[in-house]
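In what follows, a single structure is set out as structure tokens and then discussed.
Hydrogens, waters and symmetry mates play no part in the numbers below; they use all other heavy atoms, side chains included.
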Amino acid sequence: MADATYRADGAGAILPDRGGVLGRLSDTFWRRPGMLLLLMLLPPVLWLGIVYLGSLFALLLQSFFSIDEFSGLINREFTLKTYGELLRPSNLDIILRTVTMAVLVTIASAVVAFPIAYYAARYARGKWKALFYLGIMLPLWSSYLVKIYAWKLILAKEGILTWFFEKVHLQWLIDAWLSLPVVGGNSLSVSFTGTFIVFVYVWLPFMILPVQAALERVPSNLVEASSDLGATPAQTFRNVLFPLALPGIVAGSIFTFSLTLGDYIIPQIIGTSRLFIGQAVYAHQGTAGNIPLAAAFTVVPIVVMGFYLWGAKKMGAFDAL
């Protein structure tokens, strides 16, 4: 009688084994959750381990081969000759130019992003915060190439920027800047400066969002306490806001720095004939057919970003991602 009552009241407590292949499989996964976890993780692990890391390792392995100077074929014998070519002055100039651009773009993005992120974190509420996120994310929804070609038209000699400077009688300022040896050129659309401007515009959202997230974590009473203790706004920024927002800035810099380091489309469309690392990889792998040297160039951003990420982790940047 008690057993019948238990079955009537707790019929769903212990279910019998389900029939069929799917039923037995479901029961097995229920008894062994580790097997289910393994099967769920297996596809992404295989993709990351074989398709991505495997292809990357195969590419890096090419950097230890060399090109036969007479036949132009790849000599598949282990050598450091290709890395010796990488250290030639012309190639070192490409590396230095790319790293310099990445550093400048990162600093400029942080300077521009901080006040925008601060306003969004401290003052934007309700619909204004929604408009903020929409305004930051909207440029990311448009085509990458469309944005670059739009900037090429803006920065051209006949573009709206030149027209504006002519209207305010400041065309001489652009001409003086373009006459400078490194940053100048025939126009802003074919200059180091134009490349820098477009890089900052394209990667700016990737800096704003981490900084805004870091600033939202800063308690308001810390800023108020700093003012109550007689600190000036500059002192409050230097001693309170900036140190607490620094992990967010470093987190954003991971994106701006790494994306600038590997991009080749922006310098190809807006820039001079001076190459960046991405362009050098594309040229040696495609036009020149020198895959070992292209692979050696690929090692450079990997090594640079390895040290960069190590320093970023030490500064707590991953907590702000």
- Item | Non-hydrogen atoms of Met207 and Ala113 that approach each other most closely | CG-CB, 3.5 Å
- Query: Between atom CG of Asn221 and atom CD of Glu224, what is the distance when rounded to the nearest 0.5 Å?
  - Reply: 6.5 Å
- Message: Is the shortest side-chain heavy-atom distance between Pro219 and Leu222 below 4.5 Å?
- Response: yes
- With the side chain counted from C-beta on, respond yes when Pro292 and Ile67 share a heavy-atom pair under 4.5 Å apart, and no when they do not. yes
- Query: Listed by chain and number, what are the ring-ring contact (aromatic ring centres under 6.0 Å, His included) partners of Phe196, not counting sequence neighbours?
  - Reply: none
- Message: Checking side chain to side chain contact (heavy atoms under 4.5 Å, CB included) between Phe297 and each of Leu275, Asn290, Thr82, Val281, which is the one that passes?
- Response: Val281
- Query: Can you tell if the side chain of Leu155 reaches within under 4.5 Å of the side chain of Val198, non-hydrogen atoms only?
  - Reply: yes
- Identify the heavy atoms of Leu293 and His284 that sit nearest to each other, and give their distance. CD2-CE1, 3.4 Å
- Message: To check you understand the geometry: which heavy-atom pair defines the closest contact between Ser63 and Ala295, and what is its length?
- Response: N-CB, 3.6 Å
- Note on the structure: Residues at least two apart in sequence or cross-chain that pass ring-ring contact (aromatic ring centres under 6.0 Å, His included) with Phe132, listed by chain then number, are none
- Could you note down all residue pairs passing ring pair (Phe, Tyr, Trp, His ring centres under 6.0 Å) where residues 156-184 supplies at least one of them, sequence neighbours left out? none
- Message: Can you confirm whether more than 12 heavy atoms, excluding those of Tyr149, are under 6.0 Å from its OH atom?
- Response: no
- Query: Who are the side chain to side chain donor-acceptor pair (under 3.5 Å) partners of Tyr119, not counting sequence neighbours?
  - Reply: none
- Query: Run the side chain to side chain donor-acceptor pair (under 3.5 Å) check on Ser253 and Tyr308 step by step: do they pass?
  - Reply: CA-CA 10 Å; Ser253 72; Tyr308 197 88; 2.6 Å; yes
- Query: Gln171: what forms a side chain to side chain donor-acceptor pair (under 3.5 Å) with it, not counting sequence neighbours?
  - Reply: Asp175
- Just by distance, do the side chain of Gln235 and the backbone of Thr232 share a donor-acceptor pair under 3.5 Å? yes
- Message: For the backbone of Ile269 and the side chain of Lys152, can you confirm whether one donor and one acceptor N or O come within less than 3.5 Å of each other?
- Response: yes
- Query: By the rule that ILVMFWY residues connect when side-chain heavy atoms come within less than 4.5 angstrom, directly or transitively, which residues belong alongside Val45?
  - Reply: Leu37, Leu41
- Query: Less than 4.5 Å apart, any side-chain heavy atom of Val105 and any of Phe257?
  - Reply: no
- Item | Rounded distance (nearest 0.5 Å) linking atom CG of Leu209 with atom CG of Leu140 | 8.0 Å
- Message: Has Gln279 got a side-chain atom pairing as donor or acceptor with Phe276's backbone, closer than 3.5 angstrom?
- Response: yes
- So do the side chains of Phe192 and Met101 get within less than 4.5 Å of each other, counting heavy atoms only? yes
- Applying salt bridge (Lys or Arg N to Asp or Glu O under 4.0 Å), name anything that partners Lys157, two or more places apart in sequence or on another chain. none
- Task: Please check if any side-chain donor atom of Ser187 sits under 3.5 Å from a side-chain acceptor atom of Ser189, or the reverse.
- Result: yes
- What distance separates Thr106 OG1 from Phe255 CZ, expressed to the nearest 0.5 Å? 12.0 Å
- Not counting sequence neighbours, list each pair that qualifies as a ring pair (Phe, Tyr, Trp, His ring centres under 6.0 Å) and has a residue in residues 74-96. Phe64-Phe78, Phe64-Tyr83
- Task: Answer yes or no: are there more than 12 heavy-atom neighbours, outside Ile160 itself, under 6.0 Å from its atom CD1?
- Result: no
- Is a donor on one side and an acceptor on the other found under 3.5 Å between the side chain of Thr195 and the backbone of Ile270? yes
- Message: Looking at Ile277, is its backbone amide N or carbonyl O close enough to the side chain of Thr98 to form a donor-acceptor pair, meaning the two atoms are under 3.5 Å apart?
- Response: yes
- Message: Under the criterion side chain to side chain contact (heavy atoms under 4.5 Å, CB included), I'd like the reasoning laid out for Ile197 against Val200: C-alpha separation, chi angles, the key distance, then a yes or no.
- Response: CA-CA 5 Å; Ile197 292 172; Val200 172; 6.0 Å; no
- Residues at least two apart in sequence or cross-chain that pass side chain to side chain donor-acceptor pair (under 3.5 Å) with Thr236, listed by chain then number, are Ser226
- Do Phe114 and Leu215 touch side chain to side chain, with heavy atoms closer than 4.5 Å? yes
- Query: Do Arg76 and Gln62 touch side chain to side chain, with heavy atoms closer than 4.5 Å?
  - Reply: yes
- Item | Test item: Lys147 side-chain N/O and Val202 main-chain N/O as donor-acceptor pair under 3.5 Å | no
- Shared hydrophobic cluster for Phe65 and Phe57 (ILVMFWY, side-chain gaps under 4.5 Å): no
- Not counting sequence neighbours, list each pair that qualifies as a side chain to side chain donor-acceptor pair (under 3.5 Å) and has a residue in residues 199-210. Trp203-Thr260
- Polar side chain donor-acceptor pair, Thr79 to Ser66, under 3.5 angstrom: no
- How would you list, by chain and number, every residue that makes a side chain to side chain donor-acceptor pair (under 3.5 Å) with Asp93, sequence neighbours excluded? Arg97
- Task: State yes or no: do Leu145 and Tyr264 share one hydrophobic cluster built from I, L, V, M, F, W and Y residues joined by side-chain heavy-atom distances below 4.5 Å, directly or via other members?
- Result: yes
- Message: Looking at Leu259, is its backbone amide N or carbonyl O close enough to the side chain of Asp263 to form a donor-acceptor pair, meaning the two atoms are under 3.5 Å apart?
- Response: no
- Hydrophobic cluster of Ile50, others only, ordered by chain and residue number, side-chain cut-off 4.5 Å: Leu42, Leu46
- Are any of the side-chain heavy atoms of Met305 and Leu261 separated by less than 4.5 Å? yes
- Passes side chain to side chain contact (heavy atoms under 4.5 Å, CB included), Leu188 versus Ile154? Steps please. CA-CA 9 Å; Leu188 287 174; Ile154 292 172; over 6 Å; no
